[in-house]
Amino acid sequence: MFQKVRVRFAPSPTGPLHIGGVRTALYNYLFAKKNGGDFILRIEDTDSQRFVPGAEEYIIEALTWLGLKFDEGTHLGGAYAPYRQSDRKDIYKKYVDVLLEKGAAYIAFDTPEELDAKRAAVSNFQYDASTRSEMRNSLTLDKSEVQRLIDGGNQYVVRFKIEANREVIVNDIIRGEVKYNSSVLDDKVLYKSADSLPTYHLANIVDDHLMEITHVIRGEEWLPSAPLHVLLYRAFGWEDTMPQFAHLPLLLKPEGNGKLSKRDGDRLGFPVFPLEWKDPKTGEISSGYRESGYLPEAVVNFLALLGWNPGNDQEIMSMEDLIHLFSLEKCSKSGAKFDYEKGKWFNHQYIQLKSDNEIADLFYPILEEKGVDMSIDYITSVVGLVKERVSFVKELWDQSSFFFVAPTSYDEKVVKKRWKEDSPVQMTELADIIKGIDDFSSAHQEEVIKGWIEEKGYHLGNIMNAFRLAIVGESKGPHMFDITAAIGKEETIARLEKAVNEIKPL
Ligand code: GLU
């Protein structure tokens with residue numbers, strides 16, 4: 001293995017990064033940082049058919065938002081540049097030739113039509129050791145014929161020549177030894193003359209080698225490719241520096257079986273992408289965690305625990321904690337259920353962990369939109385009073401609008417239940433009492449008003465419920481005297497008077 005730990009996140013820019021891909025990137029990052037290593041972004045775009053404009057930028061923006069910092073990448077450069085495979089075209093041909101010279105690969109001229117015909121004639125046809133002798137390739141054709149076909153401009157592919165019936169062992173840090181028989185593999189296409197480009201398999205191996213990658217951490221869906229990759233390392237004679245594999249467990253649907261899909265998100269109402277994405281072809285918009293109001297710290301913490309745990313039941317962990325605690329050995333083999341509600345819970349927790357000031361800054365644009373013009377100090381104190389009631393910053397308005405604007409209507413159900421016949425008289429009296437309070441702190445108001453209630457022999461609940469209805473317009477909100485202390489004496493009196501005039505007992 002190469003000395004210094006180096007891992008890569010190697011997405012193909014075929015659309016928005018799925019939340020499972022984000023978890024893969026996160027685990028690579030945590031592993032690299034834990035081991036003092038490098039975290040590299042490599043863009044695997046050799047399949048031009050599936051290229052989607054904007055996808056690479058999206059990936060970078062999403063991971064930046066989450067705080068995953070690359071050491072090298074398409075956007076940063078680095079000692080192993082370029083990092084975009086389409087910019088590395090010239091590098092791969094040489095390695096294809098190495099395999100051809102070694103006899104580990106061969107040239108095949110079979111046209112798509114010929115292959116289709118073969119597949120139609122032979123059930124479960126696989127291009128491999130048992131069938132390659134029946135096909136049109138450099139193993140069955142004369143050397144001169146091969147040259148003539150190439151010179152004549154016929155398209156060809158280079159296929160990997162996999163020997164039949166060999167044991168191939170993939171050593172996986174999470175799964176242990178996974179054994180394969182080489183006969184299950186087909187002679188994979190490594191290179192296509194049509195676009196002078198390697199396929200994923202060849203480019204992936206050559207780049208991992210040239211970029212001195214030490215660990216390949218990726219989703220379980222790539223495990224079936226791993227034996228082929230091991231054989232490619234062998235064919236090149238690079239076994240000594242072959243990276244170690246770690247195939248991460250699948251993210252499963254919140255309910256039932258199977259892989260988490262975009263459809264689950266649409267059906268159950270949660271995003272499966274980190275950022276909002278607009279499909280450049282259809283214009284369709286898919287929701288993102290960022291736009292849905294998630295804090296990046298919460299998303300990171302939530303994802304970290306989908307397939308890994310620190311070995312105890314600690315749940316709230318900062319990026320630093322995660323780096324410190326992370327290990328591939330503690331990743332699970334079995335799929336991780338995507339518990340969306342847990343994601344919300346994490347967001348709630350992180351809102352509580354952030355200072356009132358930070359949350360006030362996030363709340364500010366929402367207030368601006370509502371036409372509220374209050375000092376940031378006032379907003380901060382309101383946030384302190386209500387944030388425990390919300391899981392998202394956007395829910396703050398619903399929980400606190402009455403701190404900023406007087407109610408314009410009164411909830412009918414509450415009026416029916418809480419506004420008694422004697423409420424108007426009592427609230428008028430209360431307004432008078434309040435006029436006489438100089439120290440308008442929450443505690444002092446409470447003392448004076450409760451004293452008045454007792455003296456008068458009023459029912460505490462009835463007074464306080466009507467009071468809340470007058471100030472808030474409904475029966476919600478934090479401690480009553482915290483609200484009035486915040487909005488101030490004059491506003492409290494004005495709201496009481498307004499309620500007395502406007503609320504008609506039902
Ligand atoms: N380009 C592959 C992907 O899209 C990379 C798989 C790997 O990490 O080897 O995920």
Side-chain angles (χ1 to χ4, degrees), residues 5-32 37-52 54-60 62-63 68 70 72-74 80 82-89 92 160 170-175 178 188-190 197-233 236 238 241-251 259-262 272-274 303 307 328 331:
V5 165
R6 286 173 58 80
V7 298
R8 82 311 192 262
F9 180 54
S12 298
T14 55
L17 184 59
H18 188 273
I19 200 74
V22 178
R23 188 203 50 178
T24 299
L26 173 63
Y27 284 21
N28 272 282
Y29 175 76
L30 296 176
F31 182 78
D38 295 329
F39 175 51
I40 296 145
L41 175 67
R42 185 173 76 223
I43 296 293
E44 302 208 321
D45 59 347
T46 55
D47 186 350
S48 52
Q49 305 264 314
R50 297 182 59 216
F51 176 82
V52 172
E56 180 180 331
E57 293 76 8
Y58 176 97
I59 291 164
I60 294 168
L63 299 179
L68 307 190
F70 287 102
E72 299 161 28
T74 48
Y80 300 76
Y83 293 93
R84 191 180 296 111
Q85 288 186 331
S86 57
D87 296 335
R88 300 171 64 79
K89 260 188 173 182
Y92 305 114
F160 191 31
V170 175
N171 263 310
D172 188 287
I173 297 172
I174 299 171
R175 285 149 216 279
V178 191
K188 274 275 174 312
V189 172
L190 302 178
L197 276 175
T199 58
Y200 153 72
H201 299 290
L202 185 95
N204 186 269
I205 297 310
V206 167
D207 284 347
D208 281 349
H209 178 72
L210 295 178
M211 294 181 180
E212 304 195 354
I213 298 302
T214 55
H215 297 78
V216 166
I217 304 166
R218 61 185 173 190
E220 181 178 314
E221 63 274 25
W222 297 98
L223 183 59
S225 300
L228 173 74
H229 294 177
V230 169
L231 289 174
L232 276 168
Y233 278 103
F236 279 117
W238 295 337
T241 53
M242 184 164 84
Q244 282 197 274
F245 291 105
H247 288 91
L248 306 175
L250 282 181
L251 291 189
K259 217 175 129 187
L260 175 72
S261 71
K262 175 163 150 38
V272 296
F273 300 120
L303 289 180
L328 288 169
C331 289

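In each ligand, atom 1 is the first atom listed, and ligand 1 is the first ligand listed.
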Asks: Enumerate the residue pairs fulfilling side-chain hydrogen bond (donor to acceptor under 3.5 Å, both in side chains) with a member in residues 215-232, sequence neighbours excluded, ordered by first and then second residue.
Replies: R175-E220, Y200-R218, H201-H229, R218-H229, R218-H247

Asks: Which protein residues have a heavy atom under 4.0 Å from ligand 1?
Replies: R8, A10, P11, S12, E44, Y200, N204, R218, W222

Asks: Do Y58 and V52 touch side chain to side chain, with heavy atoms closer than 4.5 Å?
Replies: no

Asks: Could you tell me whether the side chains of D207 and Y92 share a donor-acceptor contact shorter than 3.5 Å?
Replies: yes

Asks: Any side-chain hydrogen bond (donor to acceptor under 3.5 Å, both in side chains) involving residues 5-22? Give me the pairs, sequence neighbours left out, ordered by first then second residue.
Replies: R6-D38, R6-E72, R8-D208

Asks: Who passes ring-ring contact (aromatic ring centres under 6.0 Å, His included) against Y83, sequence neighbours left out?
Replies: none

Asks: Ignoring hydrogens and angles, tell me if any N or O in the side chain of T199 forms a donor-acceptor pair with the backbone of V189 under 3.5 Å.
Replies: yes

